[in-house]
Colleague: 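Before I ask anything, here is the structure I am working with.
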Amino acid sequence: MNLRTALPAALERNRNFFLSLLNASTTLSHLAQAHAQIIVGGYRNDISTVTKLTHKLCDLRAIGYARDLFLSVSKPDLFLFNVVIKGYSTNGSPRSSMSLFAHLRKNTGLRPDNFTYFFAVSASAGFRDEKVGTVLHSQAIVDGFGFDLFIGSALVDLYLKFSKLELAKKLFDEMPERDTVLWNTMISGLVKNCCFEDSVLVFKDMVADAEIRLDSTSLAAVLPAAGELHQLRVGMGIQSLATKLGLHSHVHILTGLISFYSKCGDTGTATLLFDQIDRPDLVSYNAMISGYTCNNETDSSLRLFKELLALGERANSSTIVGLIPVFFPFGHLGLTLCIHCFCVKSGMVSNPAISTALTTVYSRLNEIELARQVFDESIEKSLASWNAMISGYTQNGLTDAAIHLFQNMQTSKVQPNPVTVTSILSACAQLGALSLGKWVHNLVKREGFHSNIYMLQSGVSPSGVTFLSALYACSHAGLVTEGDRIFHSMVHDHGVEPLAEHYACMVDIFGRAGKLEKALEFIERMPVEPGPAIWGALLGACMIHKDTRLAHLASKRLFELDPENVGYYVLLSNIYSVDKNYPQAASIRQVVRRRSLAKTPGCTLIEVGGLPHVFTSGDRSHPQTKAIYAKLENLMGKMTEAGFQAETVTALHDVEDEEKELMVKVHSEKLAIAFGLISTEPGSEIRIIKNLRVCIDCHTATKFISKITGRDIVVRDANRFHHFKDGICSCGDYW
DNA sequence: GTAGGGTTAG
């Protein structure tokens, strides 16, 4: 648009003219032209015109320009201050916002008003904790804005952003009046803190309040909670409410319902709703893609993803996260590796949401090393990614690693939230053995997570937590008698009913100290049925003290109570192996296999002609299987001639050497390399990705292959890159 | 006397 020609020359250039000129400006260049006209027209000192211009500049992210303009005004009024305070904050400079706010209070005769406080509080959400916000809160109360709805909502939002649930709830309860936005803020904030049940409760309170109008935001905010809780009735109730309010075709609500039905396993209804959206946007596509993914409908998921790309829409990180099969009960390693590969290539892997999703899915696949690798390589570690890695360790039974990482998190100055604490407490319950009990307790106390109706599902009451931390301390210090005494005192003197965590902790105290019989006696005397946490604690102790008999007993119970948890089987099998009882160890692994709980086998990915090919060990499913095995046979002959000997040390203990040789010969990386050799140009580089650490036999074999074929072979394994060239590997045989 | 500044959601 050429503003000069757009102007009828006769039009009078008054203030309204310049204001509408500014309103019509949509680019920085428009604003610069308008600014020039304002100067020429003699309106450079007109405060309302300058305020409007400053506002528009901030909106277009020209904060430097806006600041210069602000500084050129000799006596800025409160309006202009407010605009610039907001401008700094929306341009990512909360510090400048606060400096200007302080300057306004100290050095001008102006008094901050409700707008000023609202902008300042919003800006303070940009800091790393809620401290500045709380100071503003008290100042606002002093200045008489304690009950302002805008400021109140911004504060509730801020407290919830930093998981200060107690503070948010207190403020919310104390507000003399609550409007729709305040209610909505509370609900969505609880959802963000994974307090799903509470958010539904608050929503129900809101519905019950006849004075309060529900809007699309209210319904859209609570829908994720209904989905997470799999509460079909709640979700359908929201749906009929939406119809009653005439909001049923609102895109946010339809999208929310798609997520909801998908989470409840009903992709049929979700699909119908998706088809009702006139022009689905990226968020709607993402919801549907993720819905298909989490219901294991990979084909539909990929089909919709392609449809999205065909529309010319750019997939964002949420799209990819939705494609990553985080929800599959037994995962989908091949697909995950493909997506991982795609993310590395497109640079999206550095996105915190994506690395978090990859960390989570690898953890669930028991690929904890791959999970850790992704975590370590992510440059910007969000709270969610710390949580994912910690709970990954917890779920894989690696309690010590979970605690260790939790400590690292503390040194990295990342504030834990209730999700973190829940993970850590569940680690406590798992094997009982945490030295951090006291510390966790202090944290819970300091952060106000406890005695809070919103929050933690662990069911540990504050006084229960206090005892728990004391018991942890005993467990750590090996104070058996002391622990026994504390437990007794807790029950008899303080009337605290012990929870599974307390019992598990006691078993751990006895078990760690080698008093396994005493631990068993304790379990047998428990007034409640011992759960997995208790037997898990005993099993862990048996592992330390190599007590096969008790281990067997504990595992038997665990298999009954928690048959899906592969970790116990592995532990037991290891105990037998240590005892050199290979037939028993093998039979345990047999059970695992029979129940298809086996660890996902090693697999290798190679990309040829833009298509990923995934091989598992002994794989014969590839269309070119015959050629691949023939190539491998041919290679083995040449390798043996060149002095290659199969390495078998790392293979299973209980098979004959010849059989072992047969087994390693068809490891997935060898198949992938053989395929690479027959399907790519001679002399070109071969790149493969292996989900596990490459085994010594494959490593040696690859060195030979690189020499014999004259190919460079790059292997990315769970630990590192290996660059094979002319019979030598870049890792120096150390990995 | 007037203009110029405000929140939550899929």
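So you know, we letter chains A, B, ... as the sequences are listed, proteins then strands, and number each from 1. Computed from a predicted structure; not experimentally measured.
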Colleague: Ignoring hydrogens and angles, tell me if any N or O in the side chain of A:R105 forms a donor-acceptor pair with the backbone of A:P112 under 3.5 Å.
Modeller: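 Side chain of A:R105 to backbone of A:P112: no pair is present.
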Colleague: Give the rounded distance in Å between these two atoms: CD of A:Q276 and P of B:dG10.
Modeller: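 So the CD-P distance, A:Q276 to B:dG10, works out to 20 Å.
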Colleague: Base, sugar-phosphate, or nothing for A:N286, non-hydrogen atoms under 4.0 angstrom?
Modeller: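 Nothing, no heavy atom under 4.0 Å.
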Colleague: Considering only side-chain heavy atoms of A:K86, which listed nucleotide, B:dG4, B:dG10, B:dG6, is closest?
Modeller: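 Between B:dG4, B:dG10, B:dG6, the one nearest the side chain of A:K86 would be B:dG6.
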Colleague: Checking all strands, does A:D113 fall into the base, sugar-phosphate, or nothing category for heavy-atom contacts under 4.0 angstrom?
Modeller: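 Result for A:D113 = base.
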Colleague: Identify whether a stacking contact exists between A:F79 and B:dG4, where the ring centres must be under 5.5 Å apart and the planes under 30° apart.
Modeller: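 Answer is yes, a stack.
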Colleague: What's the shortest heavy-atom distance between A:F375 and A:T359, and which atoms?
Modeller: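 Taking every non-hydrogen atom into account, N-OG1, 4.0 Å.
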Colleague: Counting heavy atoms from C-beta on, name the nucleotide in B:dA9, B:dG10, B:dG6 closest to the side chain of A:F150.
Modeller: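 My answer, after comparing the listed nucleotides, is B:dG6.
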Colleague: What is the nucleic acid contact for A:D59, judged by heavy atoms within less than 4.0 Å: base, sugar-phosphate only, or nothing?
Modeller: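 Nothing, no nucleic acid heavy atom in range.
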Colleague: Taking atom CE as the centre, does A:M175 end up with more than 12 heavy-atom neighbours from other residues, nucleotides or ligands that are less than 6.0 angstrom away?
Modeller: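 Above 12, so yes.
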Colleague: For A:V83, answer base if it contacts any base atom (sugar-phosphate contacts may also be present), sugar-phosphate if it contacts only those atoms, and nothing otherwise; contact means non-hydrogen atoms under 4.0 Å.
Modeller: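 Answer is sugar-phosphate: A:V83 comes under 4.0 Å of backbone atoms only.
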Colleague: Mind calculating the distance between NZ (A:K52) and P (B:dG6) to the nearest angstrom?
Modeller: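 To the nearest whole Å, that distance equals 8 Å.
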Colleague: Between A:E166 and A:K170, does the salt bridge (charged side-chain N to carboxylate O under 4.0 Å, His left out) criterion hold? Intermediate values first, please.
Modeller: CA-CA 6 Å; A:E166 187 77 13; A:K170 188 161 176 289; over 6 Å; no
Colleague: Looking at B:dG10, does its base get a donor-acceptor pair with the side chain of A:D281 below 3.5 Å?
Modeller: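 Check passes, donor-acceptor contact within cut-off.
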Colleague: Any side-chain N or O of A:H55 under 4.0 Å from OP1/OP2 of B:dG6?
Modeller: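 So the side-chain polar atoms of A:H55 do come within 4.0 Å of the phosphate oxygens OP1 or OP2 of B:dG6, strictly under.
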Colleague: When you measure from the side chain of A:R15, which nucleotide among B:dA3, B:dG4, B:dT7 comes out closest?
Modeller: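 So the side chain of A:R15 is nearest to B:dA3.
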Colleague: Under the criterion ring-ring contact (aromatic ring centres under 6.0 Å, His included), I'd like the reasoning laid out for A:F274 against A:Y285: C-alpha separation, chi angles, the key distance, then a yes or no.
Modeller: CA-CA 8 Å; A:F274 184 75; A:Y285 266 99; 5.2 Å; yes
Colleague: Looking at B:dA9, B:dG10, B:dG6, which one has an atom nearest to any side-chain atom of A:S259?
Modeller: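 Among the listed nucleotides, the one closest to the side chain of A:S259 is B:dG10.
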Colleague: Rounded to whole angstrom units, what separation is found between the CG atom of A:L257 and the C1' atom of B:dG10?
Modeller: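 Result: 9 Å.
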Colleague: Can you confirm whether A:D278 is buried at CG, in the sense that more than 12 heavy atoms of other residues, nucleotides or ligands lie under 6.0 Å from that atom?
Modeller: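 Atom CG in A:D278 is not crowded, with 12 or fewer foreign heavy atoms closer than 6.0 Å.
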Colleague: Rounding to a whole Å, what distance do you find between A:M175:CE and B:dT7:C1'?
Modeller: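 Roughly 12 Å, once rounded to whole Å.
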Colleague: Would you call A:I63 and A:L57 a side-chain contact if the rule is heavy atoms closer than 4.5 Å?
Modeller: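 Counting from C-beta outward, A:I63 and A:L57 never come under 4.5 Å.
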Colleague: OP1 or OP2 of B:dT8 sitting under 4.0 Å from any side-chain N/O of A:K192?
Modeller: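 Answer no for this pair, as no side-chain N or O of A:K192 is under 4.0 Å from OP1 or OP2.
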Colleague: Checking only heavy atoms, does the side chain of A:S188 share a donor-acceptor pair with the base of B:dA9 at less than 3.5 Å?
Modeller: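 Answer is no: no donor-acceptor pair is held.
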Colleague: CD1 of A:I187 versus C1' of B:dT7: gap in Å, rounded?
Modeller: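 Atom CD1 in A:I187 sits about 15 Å away from atom C1' in B:dT7.
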Colleague: So what does A:T185 hit on the nucleic acid, given a heavy-atom distance under 4.0 Å: a base, only sugar-phosphate, or nothing?
Modeller: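 Sugar-phosphate: the residue A:T185, judged by heavy atoms under 4.0 Å, touches backbone atoms but no base.
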Colleague: For A:F81, which contact category applies under a 4.0 Å heavy-atom criterion: base, sugar-phosphate, or nothing?
Modeller: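 Nothing, no nucleic acid heavy atom in range.
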Colleague: Within the structure shown, what part of the strands sits under 4.0 Å from A:T54 by heavy-atom distance: base, sugar-phosphate, or nothing?
Modeller: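 Result for A:T54 = nothing.
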Colleague: Looking at A:S48 and B:dG4, is any side-chain donor or acceptor paired with a base atom of the opposite kind under 3.5 Å?
Modeller: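 Not at all, since no donor on one side and acceptor on the other fall under 3.5 Å apart.
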Colleague: Can you check the A:D215 CG to B:dG10 P distance for me, whole Å?
Modeller: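 A:D215 atom CG is separated from B:dG10 atom P by 13 Å.
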Colleague: Checking contacts here: which listed nucleotide (B:dT2, B:dG4, B:dT7) is nearest the side-chain heavy atoms of A:D179?
Modeller: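 Within the option list, the nearest is B:dT7.
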Colleague: Is A:H252 stacked against the base of B:dG10, taking the criterion as centroid distance under 5.5 angstrom and interplanar angle under 30°?
Modeller: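 So yes, this residue stacks on that base, both cut-offs being met.
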Colleague: B:dG10 C1' sits how many Å from A:L241 CG, rounded?
Modeller: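 In whole Å, B:dG10 C1' lies 16 Å from A:L241 CG.
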Colleague: Mind calculating the distance between CD (A:E177) and P (B:dT7) to the nearest angstrom?
Modeller: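 After rounding, the gap between these two atoms is 19 Å.
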Colleague: Counting only side-chain heavy atoms from C-beta out, which of B:dA3, B:dG10, B:dT8 sits nearest to A:N184?
Modeller: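 Looking only at heavy atoms from C-beta outward on A:N184, the closest nucleotide is B:dT8.
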Colleague: Which of the following nucleotides, B:dA3, B:dT8, B:dG10, is nearest to the side chain of A:I47?
Modeller: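 Per side-chain heavy atoms of A:I47, the pick is B:dA3.
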Colleague: Can you tell which of B:dG10, B:dA3, B:dG6 lies closest to the side chain of A:P224?
Modeller: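 The nucleotide sitting nearest to the side chain is B:dG10.
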Colleague: Nearest to the side chain of A:V251, which nucleotide is it out of B:dG10, B:dT8, B:dG6?
Modeller: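 So the nucleotide nearest the side chain must be B:dG10.
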